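In what follows, a structure is listed as structure tokens, so that the remarks can point back to it.
The structure presented is a predicted model; accordingly, all values stated were derived computationally and were not measured.
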Amino acid sequence: MIYKLKIAALTLATGFMFASCDDFVEDVEVTVPEAENSEEDFEPVNFLTGVYGMHTDFSYAFSYLGITEMISDNADKGSSPTDSGTDKRELDNLTHTSSSVSVRAMWTQWYKTIGRASQTIELTQEYTGQSAAPTQRVIAEAKFLRALNYFWLVRSFGDVPLQHIDLIDRAPASEVYAYIEQDLTEAIAALPNKNEYSNLDVGRASKGSAQGLLAKVYLYQEKWQQAADMANNLITSGQYDLEPDYATVWRASSENGPESVFEIQARGEIPQHGVQQYSQTQGARGPSGWGWGFNSPSQNLEDAFNAEGDVIRRDATIIFAGETLFDGREVSASVENPRYSEKAYSSANAGQGDGDKNVRILRFSEILLIRAEALNELGQTAAALVPLNRVRARVNLPAVTTTDQASLRPLIWKERRLELAMEHDRFYDLVRTGQAKAALAADGKTFIEGKHELFPIPNDQLVQTPEMTQNPGW
């Protein structure tokens, strides 16, 4: 069997392992060997394993941190002043360029994952053997993962090529979002509920995962009614709830728990390591340290917690120099940075490369905040207070009582920041809500309107496909 893929060039090798090249925008033939055991080796669920596996790449432990948190007011570059972290100092200072390696790494990674997901869908549709998992479920999971990566692409770069349409022309963001919505709608129809998966399949994308991502996709497009309704599907499903103790949400004990809508799975050992070096790159640096010290929570973030009197979330988000952690680990007062991300901390294997840290991508608390924001924008301000105050009650903060839409709007945005701090959404939230210039100026950064809302198309991509246009300002 021979298949052609346009983006994310892949070569299918033995078993279900994939080897991919960097020529991610060209037509490539993918050949599946006609070996005697090909039906067993190329069983659909094995293709799917390769798609999930793309999310454990080192890019998510370093490049992704740069373009989501270090670039925002939530975090500083961290590490040593002399260590630039390749382009992390540039991202921290908003002086990155089209040649910045982190920008290129994520563009490449997302397209390769999309290509792998599309290949899985095509091969599964053609598969005629005995399948260990329902083929429609495999296709639906792959569509969810493809939608997730397209969402990360479109919110980062705006207009981007859709692999099944064109190699060079950038589809309008509205078309990309429409494609994402279609994938997720089809995935919702075919995926099981979270509690319908067996213990062997814990962590797979579920109906709720697709509904949660679709609610977020609607939010980014300001489709307020659809966002409110889709979020409500999860809220009323009985499948999800808040962990009673906010501090435990990122610990091993709560992995795939009631608050988890979707997370990247990890076991801390080959081949089921988590995001490679995710904990290591963000671990404390220096005496008693266990990591590289990057992505250090900012003074600005600490001040935001203190201004709200939000001690519970502050102390669950930030590791302070000189403190003793929940597991008894003592952090020396002499570590190189004053703050580190507790949400990246692994008690069991700390700074080991093969981390056991499940990375939370979607949580139930975010679904509640999506509904709160959407209802407020719809003018249903009193109703918006219900999910908002449910999030606040968990961390012992007083209920918000205002029913003035304009007054409530920034309070919901602030709640998103404090609830989801260091979870890789802050920069995009600032951009989509129009707060970026002022918020980043307050953190000493110069955000250029008309430019910094989007990342530049990587220069290597433009060299490879010179017909592709660059984003404004770059």
Looking only at heavy atoms, the pair that brings K343 and A421 closest together is NZ-O, 2.8 Å

message = For Y218 together with W224, are the ring centres under 6.0 Å from each other?
response = no

- prompt: So, do F62 and Y278 have ring centers that fall under 6.0 Å from each other?
  reply: no

request  = Run the numbers on W250 and Y345 for ring-ring contact (aromatic ring centres under 6.0 Å, His included), then give the verdict.
outcome  = CA-CA 8 Å; W250 294 270; Y345 175 66; over 10 Å; no

With a 3.5 Å distance limit and no angle check, can you tell me whether E449 reaches the backbone of F447 through a side-chain donor-acceptor pair? no

What I'd like to find out is whether the side chain of Y246 reaches to under 4.5 Å of the side chain of T317, using heavy atoms alone. yes

* To do: Ignoring hydrogens and angles, tell me if any N or O in the side chain of E453 forms a donor-acceptor pair with the backbone of G450 under 3.5 Å.
  => yes

Query raised in the report: Can N193 and Q239 be counted as having a side-chain donor-acceptor contact under 3.5 angstrom?
Result: no

Give a yes or no on whether a salt bridge exists between R363 and E423, defined as a side-chain N under 4.0 angstrom from a carboxylate O.
yes

Donor-acceptor under 3.5 Å (D87 side chain, S102 main chain):
yes

Problem set entry | Side-chain donor/acceptor of N389 to backbone N/O of L385, under 3.5 Å | yes

**OP:** Determine whether the side chains of R360 and S260 contain a donor N or O and an acceptor N or O closer than 3.5 Å.
**Re:** no

Residues R89, D92: salt bridge by 4.0 Å N-O rule = no

Salt bridge or not between E69 and R426? Use side-chain N to carboxylate O under 4.0 Å. no

Only residue of Q226, K216, E181 satisfying side-chain hydrogen bond (donor to acceptor under 3.5 Å, both in side chains) with Q221 is E181

- Task: Kindly determine whether S254 and E243 satisfy side chain to side chain donor-acceptor pair (under 3.5 Å), including the steps that lead there.
- Result: CA-CA 8 Å; S254 67; E243 291 285 346; 4.6 Å; no

- Side chain of N93, backbone of T95: donor and acceptor closer than 3.5 Å? no

Is the backbone N or O of A384 less than 3.5 Å from a side-chain atom of N376, with the two atoms forming a donor-acceptor pair by type? no

Practice item. Keeping the roles fixed (side chain from N295, backbone from G66), state whether a donor-acceptor pair exists under 3.5 Å. Key: no

* Is it the case that N256 and Q265 place a side-chain donor and acceptor less than 3.5 Å from each other? -> yes

Value for OG (S209) from CZ (F262), rounded to nearest 0.5 Å, stands at 6.0 Å

Point to revise | salt_bridge(R137, E196) N-O dist < 4.0 Å | key: no

Cationic N near anionic O, under 4.0 Å, D310 to R417
no

So does P297 get a backbone contact from the side chain of R339, meaning a donor-acceptor N/O pair under 3.5 Å? yes

query: Would the Y177 and Y150 ring centres measure less than 6.0 Å apart?
result: no

Between E373 and K414, does any side-chain N to carboxylate O distance fall below 4.0 Å? no

query = Would you call D83 and K77 a salt bridge, using N to O less than 4.0 angstrom?
reply = no

request  = Indicate yes or no: does R409 engage E377 in a salt bridge with an N to O separation below 4.0 Å.
outcome  = yes

*Any chance the rings of W474 and H96 have centres within less than 6.0 Å?*
yes

- request: Determine, stepwise, if the pair K194 / D201 fulfils salt bridge (charged side-chain N to carboxylate O under 4.0 Å, His left out).
  value: CA-CA 10 Å; K194 179 179 178 179; D201 289 323; over 6 Å; no

Check: W292 main-chain N/O paired with S79 side-chain donor or acceptor under 3.5 Å:
yes

- request: Give a yes or no on whether the backbone of S341 and the side-chain of Q282 come within a donor-acceptor separation of less than 3.5 Å.
  value: no

Review point. So D245 and T248, side chain to side chain donor-acceptor pair (under 3.5 Å) or not? Walk me through it.
Key: CA-CA 6 Å; D245 182 357; T248 67; 5.0 Å; no

